Amino acid sequence: MPMESRYDPKVVEGKILKFWEDEQIYKFDIDSEKEVYSIDTPPPTVSGDIHLGHVFSYTQAEFIARYKRMRGFSVFYPFGLDNNGLPTELLIEKKFDTTAEKLGREKFIELVRNEVHIYNELYINLWKKMGVSSDWSLLYQTISPQVQKVSQKSFLELNKINRTYRKEAPALFCPKDKTTVSQVELKDKMLKSKIIYLNFSDGVTIATTRPELLPACVAIFVNPEDVKHKGLVGKEITVPIFGNKVKVIADKRVDPEFGTGVVMCCTFGDQTDIEWYKAYNLELKMIIDERGKMNHPYYNGLKIKEAREKIIQDLKDKGFVIKEENIEHNVNVHDRCGTEIEFLVKKQWYVRYLDLKEKFVELGKQVNWYPPHMRVRLDNWINGLQWDWSISRQRFFGVYFPVWYCKSCDEPIFADEKDLPVNPFVDSPKGKCGKCGSGEFVPETDIMDTWATSSLTPFINGKWGTDDRYLKKIFPMSLRVQAHEIISFWAFNTIVKSYFHMNSIPWKNIMISGHGLDAHGKPMHKSEGNVVKPDGYLEKYGADALRFWTSSSVLGEDNSFQEKEVVTGSRLINKLWNLTRFVEMNSANFEKQKSEFLLDSWIIYRLNETIKKATEEFDSYDYFKARNAVERLFWEFTNDYLEFVKNRVYGKDTSVGYTLNLVLFDLIKMLSPFIPFVTEEIYQNVFISNAEKLGSEKTKSIHTNSWPEEKEMVEEKRFDAADKLVKILLFVRKWKHENKMALNSDITEITIGKDLEGALGGAIEEIKSGMNIKNVKFGDGDLEVEEGIRVSIKG
RNA sequence: GGAGGUAUAGUCUAGUGGUAGGAUGACAGAUUGACAUUCUGUAGGCAGGAGUUCAAUUCUCCUUACCUCCACCA
């Protein structure tokens with residue numbers, strides 16, 4: 001088939017995509033006898049915000065998938081979408097300028113469900129266009145009933161093995177919007193405030209910005225290193241106005257330099273209060289209610305700010321105030337309305353795992369980490385864990401707990417596994433409360449933490465509880481791919497769940513990608529306005545060229561996006577295209593044969609070296625080093641070897657035809673994981689008909705063809721001679737350039753050092769033909785090519 | 001504040017205990033029997049300081065800057 005004179009990615013990539021889909025090239029066959037290679041990829045959060053950073057890390061896994069497929073594995077490569085979480089909620093709230101609270105739970109959920117597919121399509125289309133070789137029939141979504149079922153099943157199993165419990169815990173709460181909020185909805189804000197120095201008993205002075213919380217004071221803290229206050233530890237101090245006594249405890253979270261170095265802990269004024277409450281098992285005194293009003297009798301239902309004014313006045317009147325200062329400090333406010341966040345106490349579900357820290361570290365070590373140092377982050381995270389995993393979220397759009405509570409005694413009732421997935425707002429439990437016999441129930445209103453579900457991706461992919469054949473085939477998965485900032489969440493929680501459910505590590509290998517940065521090396525953030533969208537570049541240069549950029553740094557390193565890098569990619573693609581055209585035009589007819597030419601041995605030897613190197617690097621997930629090796633051979637092949645054998649090509653020498661096709665086919669194969677479209681097009685045009693002649697199977701697609709194997713060995717001695725020949729030819733080329741001669745002009749005579757006569761004496765014709773040299777002789781060379789190689793040249 | 005990472009030509013990136021490789025841009029030249037989205041060549045670089053060593057860009061420590069995660073001032 002004659003090739004088009006120009007390669008147009010816009011036309012070809014669309015055509016190839018359709019071909020892949022029609023022929024189901026990437027279909028996973030559950031019944032295949034081949035060894036399975038299963039990949040656990042991150043389901044991107046559907047937030048409407050796709051940028052080149054995503055493309056960067058996702059395609060890195062893609063290279064591996066394609067490599068493993070060519071190595072003969074049955075590759076299980078599913079894709080997922082994480083669309084059940086808060087980002088999706090916020091996306092829809094923003095689009096319709098509404099909130100879940102305004103619309104009401106059921107209406108809101110319906111709206112999200114109806115809208116989210118629009119965004120799903122954006123993601124899927126982009127990944128398809130990028131050439132992601134997933135089996136799209138394996139696509140999962142975290143809002144789907146199947147995934148909810150897996151997630152609820154996991155919860156029930158954890159409950160069965162006594163790994164869940166319910167406990168009162170603080171929830172973030174916005175007193176203005178009267179809603180619970182999540183951590184990602186917070187932002188820092190500098191606020192002007194007053195800090196009041198209060199006189200407690202025993203000569204203790206405490207500085208506080210929240211005097212209204214005084215009735216909720218449950219303890220007093222000092223730093224253990226603080227010499228000034230060492231004597232206080234263990235004493236009981238009396239709280240002003242309210243007169244109750246609280247203990248003094250030493251804790252390193254206290255900054256001895258701030259205020260007076262003595263802190264009161266009120267449940268709950270801020271994050272530290274919560275930590276202390278948990279760490280020291282302190283009494284709980286909640287004095288702010290869900291409407292943002294004080295419910296302590298002292299305040300008689302005042303709002304927070306009014307309460308502050310009242311108590312300050314009261315404290316002043318009674319002489320407890322020593323001084324007040326104006327300060328500016330950072331506080332957490334609700335992103336949407338700027339109101340200072342308060343804490344509420346709600347009963348929430350936890351997964352008990354604090355007793356297993358050592359086990360988790362050990363499991364982390366059983367996984368192979370690429371790059372290895374990334375494991376340290378997991379270790380640090382696990383070792384620093386201070387409490388169990390809270391999996392309740394006071395939001396709307398997510399996986400429901402399969403739980404109801406008895407209306408009269410609050411006893412939890414769990415759903416039956418065979419009824420999953422359940423919606424506790426719609427479905428009801430069967431029978432009566434096992435504790436009190438009541439028949440009335442209320443649903444759990446919280447939803448599960450998004451990590452409680454996404455930590456189950458191996459189980460979701462394994463169709464756990466639906467078609468366990470999958471789980472048997474793919475678990476533990478061969479590879480997890482993810483970015484580094486979520487090691488402590490996604491990677492860790494997946495290890496936790498796999499341990500509880502399967503007593504196993506979830507995957508054998510984990511590959512951690514870096515971030516794609518903007519052109520100035522800054523991370524892409526919406527708020528910075530430096531988010532680079534892929535679409536324009538995809539349109540302009542095609543997916544192959546864009547993938548060239550994503551493969552241009554080592555695994556785990558960040559890489560800044562440079563359009564020029566994409567241009568470099570498209571030049572390589574263009575060169576590859578034209579090289580193939582040249583070979584096809586001149587050497588379409590070749591026969592397998594042994595070549596007597598030194599240059600042929602040289603390029604075959606180099607090919608073998610490259611295959612070996614690329615294979616090794618790919619096996620350790622170092623796609624970039626593999627690419628580098630292949631790229632180097634590619635340029636040697638086209639700029640050096642091909643130029644030196646051109647006269648043989650024009651002379652229709654069939655032995656050069658065979659070598660050209662043999663090397664080029666392997667080059668195409670080795671480049672195909674990186675630039676899958678153009679290599680497929682070349683394969684379909686040229687190599688599919690010659691595949692068998694070149695020692696490969698004739699497969700439908702290059703991507704299901706075999707990874708190259710090393711060719712017949714070239715003796716070291718023969719390669720050494722060939723390598724010297726190449727160096728001499730390169731030297732002559734440079735000499736021509738320095739003497740302002742055309743590269744195809746004639747050289748009268750070259751004299752090669754006599755000591756090389758043994759090695760090169762039989763290759764006179766090759767030397768002549770390689771650089772258009774009229775006469776070659778051996779004798780004394782006056783120019784040094786390199787140590788041991790000397791020549792003289794007559795122009 | 002804690003943990004981890006990074007620092008290499010104008011720019012983007014490899015790599016090494018002993019002459020630092022590639023891309024891109026710059027400059028010079030060649031070419032029209034595949035390719036001007038070509039080819040050949042030239043110039044240009046290891047953040048700063050201390051230490052270990054015969055030898056440090058590489059190993060150790062410190063400083064500075066940036067990135068990620070965690071914590072965050074009562």
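Keep in mind the model is a prediction, meaning the values are calculated, not measured. Naming convention: chains lettered A, B, ... in sequence-line order (proteins, then strands); numbering from 1 in each chain.
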[N] phosphate, OP1 or OP2: any side-chain N/O from [X] under 4.0 angstrom?
X	N	value
A/H525	B/U68	yes
A/N639	B/C39	yes
A/K740	B/U40	no
A/K734	B/U42	yes
A/N559	B/U13	yes

Identify each atom pair where a protein N or O and an N or O of nucleotides 17-26 of chain B are less than 3.5 Å apart, giving names and distance.
{"unit_1": "B/A23", "atom_1": "O2'", "unit_2": "A/T568", "atom_2": "OG1", "d": "3.1"}

Residues in contact with RNA chain B, drawn from [range] - heavy-atom cutoff 4.0 Å:
range	value
residues 544-554 of chain A	A/S552, A/S553, A/V554
residues 53-60 of chain A	none
residues 370-383 of chain A	A/H373, A/V376, A/R377, A/N380, A/W381

Please evaluate residues A/E325 and A/K323 with respect to the criterion salt bridge (Lys or Arg N to Asp or Glu O under 4.0 Å), reporting the C-alpha separation (whole Å), side-chain torsions for both, the decisive distance (0.1 Å), and the verdict. CA-CA 7 Å; A/E325 286 172 355; A/K323 61 171 175 176; 3.3 Å; yes
Check for me whether the distance between the ring centres of [X] and [Y] falls short of 6.0 Å.
X	Y	value
A/F492	A/Y353	yes
A/F56	A/W549	yes
A/Y280	A/F221	yes
A/F618	A/F674	yes
A/F687	A/Y683	no

Worked verdict on A/K540 versus A/E563 for salt bridge (Lys or Arg N to Asp or Glu O under 4.0 Å): CA-CA 11 Å; A/K540 193 168 168 191; A/E563 186 166 354; 2.9 Å; yes
Go through [options] for me and flag the one nearest to the [X] side chain.
X	options	result
A/F489	B/A74, B/C69, B/U40	B/C69
A/S488	B/C69, B/A74, B/A30	B/C69
A/V254	B/A74, B/C35, B/U40	B/A74
A/S560	B/A34, B/C12, B/U68	B/C12
A/K625	B/G15, B/A34, B/U68	B/G15
A/R6	B/U37, B/C35, B/G33	B/U37

A/E584 vs A/R581, salt bridge (Lys or Arg N to Asp or Glu O under 4.0 Å): CA-CA, chis, key distance, verdict: CA-CA 5 Å; A/E584 206 235 354; A/R581 281 179 64 214; over 6 Å; no
Any side-chain heavy-atom pair from [X] and [Y] closer than 4.5 angstrom?
X	Y	value
A/T568	A/L572	no
A/V204	A/V248	no
A/N199	A/V321	no
A/F320	A/I311	no

Taking the six-membered ring of A/F548 as reference, does the cationic atom of A/R627 (NZ for Lys, CZ for Arg) lie under 6.0 Å from its centre and within 45° of its axis?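 Judged by the rule, A/R627 and A/F548 form a cation-pi pair.
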A/F582 six-ring face occupied by A/K646 cation (under 6.0 Å, within 45°):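 Yes, A/K646 lies over the aromatic ring of A/F582.
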CG-CG distance between A/D622 and A/L555, expressed to the nearest 0.5 angstrom: 6.5 Å
Do A/R480 and A/T494 have a side chain donor and acceptor closer than 3.5 Å?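 A/R480 vs A/T494: donor-acceptor pair found between side chains.
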Taking N and O atoms by type only, does the side chain of A/E325 place a donor or acceptor under 3.5 Å from a partner on the base of B/A74? no
Between atom [atom1] in [X] and atom [atom2] in [N], what is the gap in whole Å?
X	N	atom1	atom2	value
A/H737	B/U42	NE2	C1'	9 Å
A/L555	B/A14	CG	C1'	14 Å
A/N744	B/U32	CG	C1'	10 Å
A/F582	B/C35	CZ	P	10 Å
A/N493	B/C69	CG	C1'	14 Å
A/N739	B/U42	CG	P	14 Å
A/I487	B/G5	CD1	P	11 Å
A/N223	B/G1	CG	P	15 Å

Same-atom distance ([atom1]) from [N] to [M], integer angstrom:
N	M	atom1	answer
B/U40	B/G25	P	15 Å
B/G2	B/A71	P	16 Å
B/A20	B/G44	C1'	13 Å
B/U38	B/U32	C1'	10 Å
B/U57	B/U52	P	15 Å
B/U60	B/A56	C1'	11 Å
B/C27	B/A43	C1'	8 Å

Stem list, RNA chain B (Watson-Crick or G-U pairing under 3.5 Å, at least 3 consecutive pairs): B:1-7 with B:64-70, B:10-13 with B:21-24, B:26-30 with B:38-42, B:47-51 with B:59-63
Pick the closest RNA chain B nucleotide for A/G556 and for A/A742 by heavy atoms, then say which residue is nearer the 5' end. A/G556
Which is more 5' along RNA chain B, the nucleotide nearest A/L730 or the one nearest A/A519? Just name the residue. A/A519
By the 4.0 Å heavy-atom rule, please label [X] as base, sugar-phosphate, or nothing.
X	value
A/K646	base
A/L579	base
A/I195	nothing

Determine, for A/E609 against A/R606, whether the closest basic-nitrogen to carboxylate-oxygen distance falls under 4.0 angstrom.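 So A/E609 pairs with A/R606 through a salt bridge.
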May I have the list of side-chain donor-acceptor pairs in residues 370-377 of chain A shorter than 3.5 Å, sequence neighbours left out?
{"unit_1": "A/R375", "atom_1": "NH2", "unit_2": "A/D379", "atom_2": "OD2", "d": "2.9"}
{"unit_1": "A/R377", "atom_1": "NH1", "unit_2": "A/H484", "atom_2": "ND1", "d": "3.3"}

Checking the side chain of A/N574 only, and the main-chain atoms of A/S570 only, is there a donor and an acceptor separated by less than 3.5 Å? no
Could you tell me whether a side-chain N or O of A/N772 sits under 3.5 Å from a main-chain N or O of A/N744, the two making a donor and an acceptor? yes
